[in-house]
K.L.:
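The structure's right below; bear with me while I get my questions together.
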Amino acid sequence: KRTTDLKAKAAAQLKASKEKDHPPPPPSEVTEPPSSDRKNGAVYYVGKLLGKGGFAICYDAKLADTGKRYALKIVKSQMALKMQQKFQTELQIHSKIEHQNIVQFHRAFTFENCTYLTLELCSNGSLMEMVKKRKGLTEAEVRFYTIQIAGAIKYMHEKGIIHRDLKMGNIFLDKHMNAKVGDFGLAALVVTGNDMHTIRRTTLCGTPNYIAPEILQKGRSGHDHMVDIWSLGIIIFAMLTTKPPFQSSTTDEIYRRAREREYDWPSDEKRIISPEAKMVVSSMLVDADKRPDPDLIVQHPFFTSGYVPAQADISPKLRETAPH
Ligand code: ADP
């Protein structure tokens with residue numbers, strides 16, 4: 001009997017792990033219930049899977065009325081309290097934002113026990129996948145994407161929003177290969193005026209490789225928003241070399257290296273990195289009060305000494321490998 005019990009248990013475990021990797025297929029149609037600004041509601045035809053995140057799953061979807069495509073983000077309603085808080089913050093902050101380099105938020109609604117968000121569709125995946133596939137970008141491309149991301153950061157900071165989880169995996173690419181900052185699950189509002197609502201978080205957030213050292217220290221300096229500039233410095237390094245600068249096998253070691261600013265540029269003869277590129281990165285990986293703001297970053301010689309493409313050059317090679 002014992003062996004049959006064990007066998008049954010093993011089979012159940014296998015089934016559960018399979019279900020985890022392959023969640024049940026979504027409905028082929030999703031109905032947005034009527035609301036004050038959309039009296040008749042709406043219908044979306046659900047298409048292919050775009051990706052899975054920590055608490056959400058995203059599909060390509062088409063609005064039946066207009067044929068316009070969106071990213072449909074599905075979140076299970078029964079989730080842990082911590083996740084609900086993350087999700088609420090994301091909703092509150094993301095719905096107030098409109099910028100050409102930030103994933104546009106459209107609508108949020110509930111249908112059959114799930115919460116749905118409709119977002120601007122970014123059909124070319126994330127910057128992380130692109131950089132991996134291309135084994136690093138050219139300096140012209142790095143200038144192009146840095147200017148776009150710096151523009152998004154400037155806009156967020158002017159609105160009193162700190163993203164706090166900027167990384168290549170959270171920067172998505174639209175059909176023209178423009179960068180769009182997404183995932184506001186860890187974002188926070190800061191007090192910049194009397195009418196600003198404060199969300200103070202004591203929990204550690206962000207991704208080890210991209211996290212600024214001052215987040216690890218107790219006490220605040222009044223330069224909270226500068227954590228996004230640190231992350232941008234890491235992103236530039238990673239776009240040029242494919243890896244974040246403080247990469248290590250343990251989180252503690254990543255933090256130690258970040259604190260001590262211990263990083264090396266690869267000495268690869270095939271990929272020569274200009275002194276200006278190295279300088280702009282090192283200008284950002286400094287103490288929070290010394291970091292440049294987005295306007296100052298784009299005035300750096302790295303941007304003025306070389307070519308900046310007017311739009312992303314979608315080479316045929318990239319088009320072949322990029323998902324549509
Ligand atoms: P989570 O908040 O759970 O981390 P994400 O927002 O990262 O979820 O979304 C999960 C995945 O869905 C992403 O890794 C990406 O592959 C895909 N995705 C998210 N937003 C979009 C979008 N606007 N366009 C295309 N794909 C997206």
Side-chain angles (χ1 to χ4, degrees), residues 20-23 25-26 30 44-63 68-95 97-109 114-133 145 148-149 152 156 161-188 201 203-211 231 235 238 312 314 321-324:
K20 205 167 129 243
D21 292 339
H22 303 280
V30 166
Y44 296 87
Y45 302 129
V46 183
K48 74 171 177 59
L49 177 73
L50 292 169
K52 283 183 265 181
F55 74 116
I57 183 159
C58 270
Y59 289 92
D60 186 328
K62 207 195 259 178
L63 181 60
K68 209 171 169 307
R69 285 163 68 198
Y70 297 91
L72 189 67
K73 188 163 168 171
I74 312 179
V75 186
K76 277 228 180 70
S77 295
Q78 294 103 341
M79 52 179 161
L81 196 65
K82 211 173 148 202
M83 284 297 162
Q84 285 180 30
Q85 283 167 353
K86 171 174 145 77
F87 187 54
Q88 280 305 320
T89 319
E90 176 172 354
L91 265 183
Q92 271 177 15
I93 295 179
H94 202 169
S95 59
I97 294 181
E98 200 174 333
H99 184 272
Q100 66 270 26
N101 296 111
I102 300 179
V103 175
Q104 186 56 48
F105 178 96
H106 291 280
R107 306 190 68 84
F109 58 89
C114 286
T115 301
Y116 291 81
L117 305 186
T118 61
L119 305 170
E120 174 180 9
L121 178 65
C122 297
S123 50
N124 278 308
S126 78
L127 192 57
M128 186 168 73
E129 292 148 14
M130 205 251 290
V131 167
K132 288 251 159 74
K133 230 174 331 203
Y145 285 118
Q148 292 200 331
I149 302 163
M156 291 188 282
I161 295 161
I162 314 174
H163 188 285
R164 305 201 300 180
D165 197 20
L166 287 176
K167 55 183 176 184
M168 294 205 294
N170 277 343
I171 295 168
F172 300 108
L173 298 164
D174 74 1
K175 63 172 188 277
H176 305 295
M177 298 301 284
N178 285 309
K180 306 266 174 172
V181 171
D183 201 349
F184 284 80
L186 292 178
R201 295 279 188 89
T203 48
L204 189 58
C205 59
T207 304
N209 268 312
Y210 291 75
I211 217 167
S231 306
I235 291 170
I314 312 178
T321 46
H324 285 284

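Residue numbers count from 1 along this sequence. Whatever order the structure lists them in is the order used to number ligands and atoms, beginning at 1.
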K.L.:
Give the residue, atom name and distance (to 0.1 Å) of the protein heavy atom nearest atom 11 (C) of ligand 1.
P.N.:
Gly51 C, 3.5 Å

K.L.:
Ignoring hydrogens, just give me the one of Ile74, Leu50, Asn170, Thr118 whose non-hydrogen atom is nearest atom 26 (N) of ligand 1.
P.N.:
Leu50

K.L.:
May I ask you to list the atoms of ligand 1 that are less than 4.0 angstrom from any heavy atom of Ala56?
P.N.:
3 (O)

K.L.:
I need the His176 NE2 to Ser123 OG distance, nearest 0.5 Å.
P.N.:
8.5 Å

K.L.:
Under 4.0 Å from any heavy atom of Gly53, which atoms of ligand 1 are there?
P.N.:
1 (P), 3 (O), 4 (O), 8 (O), 10 (C)

K.L.:
Once you round to the nearest 0.5 Å, how far does CD1 of Ile74 lie from CG of Leu49?
P.N.:
9.5 Å

K.L.:
In the protein, which heavy atom is nearest to atom 15 (C) of ligand 1, and how far is it?
P.N.:
Phe172 CE2, 3.6 Å

K.L.:
Would you mind checking which non-hydrogen protein atom is closest to atom 14 (O) of ligand 1, with the distance to 0.1 Å?
P.N.:
Lys52 O, 4.2 Å

K.L.:
Going by the atom numbers of ligand 1, which of them fall below 4.0 Å from some non-hydrogen atom of Val103?
P.N.:
23 (N)

K.L.:
I need the atoms of ligand 1 closer than 4.0 Å to a non-hydrogen atom of Ala71, numbered in the order shown.
P.N.:
22 (C), 23 (N), 24 (N)

K.L.:
Applying side-chain hydrogen bond (donor to acceptor under 3.5 Å, both in side chains), can you list everything that pairs with Tyr44, at least two apart in sequence or on another chain?
P.N.:
Glu32, Arg38

K.L.:
Looking just at side-chain N and O atoms, do Asn178 and Gln148 make a donor-acceptor pair shorter than 3.5 Å?
P.N.:
yes

K.L.:
Just to confirm my output: which protein heavy-atom neighbour is closest to atom 4 (O) of ligand 1, and how far is it?
P.N.:
Asp183 OD2, 3.3 Å

K.L.:
Using 0.5 Å steps for rounding, measure from the CG atom of Leu121 to the CG atom of Asp174.
P.N.:
9.0 Å

K.L.:
What is the nearest protein non-hydrogen atom to atom 17 (C) of ligand 1, stated with its residue, atom name and distance?
P.N.:
Cys58 CB, 3.8 Å

K.L.:
Mark yes or no for whether Ser231, through its side chain, and Tyr210, through its backbone, hold a donor-acceptor pair below 3.5 Å.
P.N.:
yes

K.L.:
Could you find the nearest protein heavy atom to atom 24 (N) of ligand 1 and give me its residue, atom name and distance?
P.N.:
Cys122 N, 3.0 Å

K.L.:
Under a heavy-atom criterion of less than 4.0 Å, does Lys73 contact ligand 1?
P.N.:
yes

K.L.:
About how many Å separate CD1 of Ile161 and CD1 of Ile102, when rounded to the nearest 0.5 Å?
P.N.:
7.5 Å

K.L.:
Which protein heavy atom lies closest to atom 23 (N) of ligand 1, and at what distance to 0.1 Å?
P.N.:
Glu120 O, 2.9 Å

K.L.:
Checking the side chain of Lys180 only, and the main-chain atoms of Gln100 only, is there a donor and an acceptor separated by less than 3.5 Å?
P.N.:
yes

K.L.:
With a 4.0 Å cut-off, would you call Glu90 and Lys73 a salt bridge?
P.N.:
yes

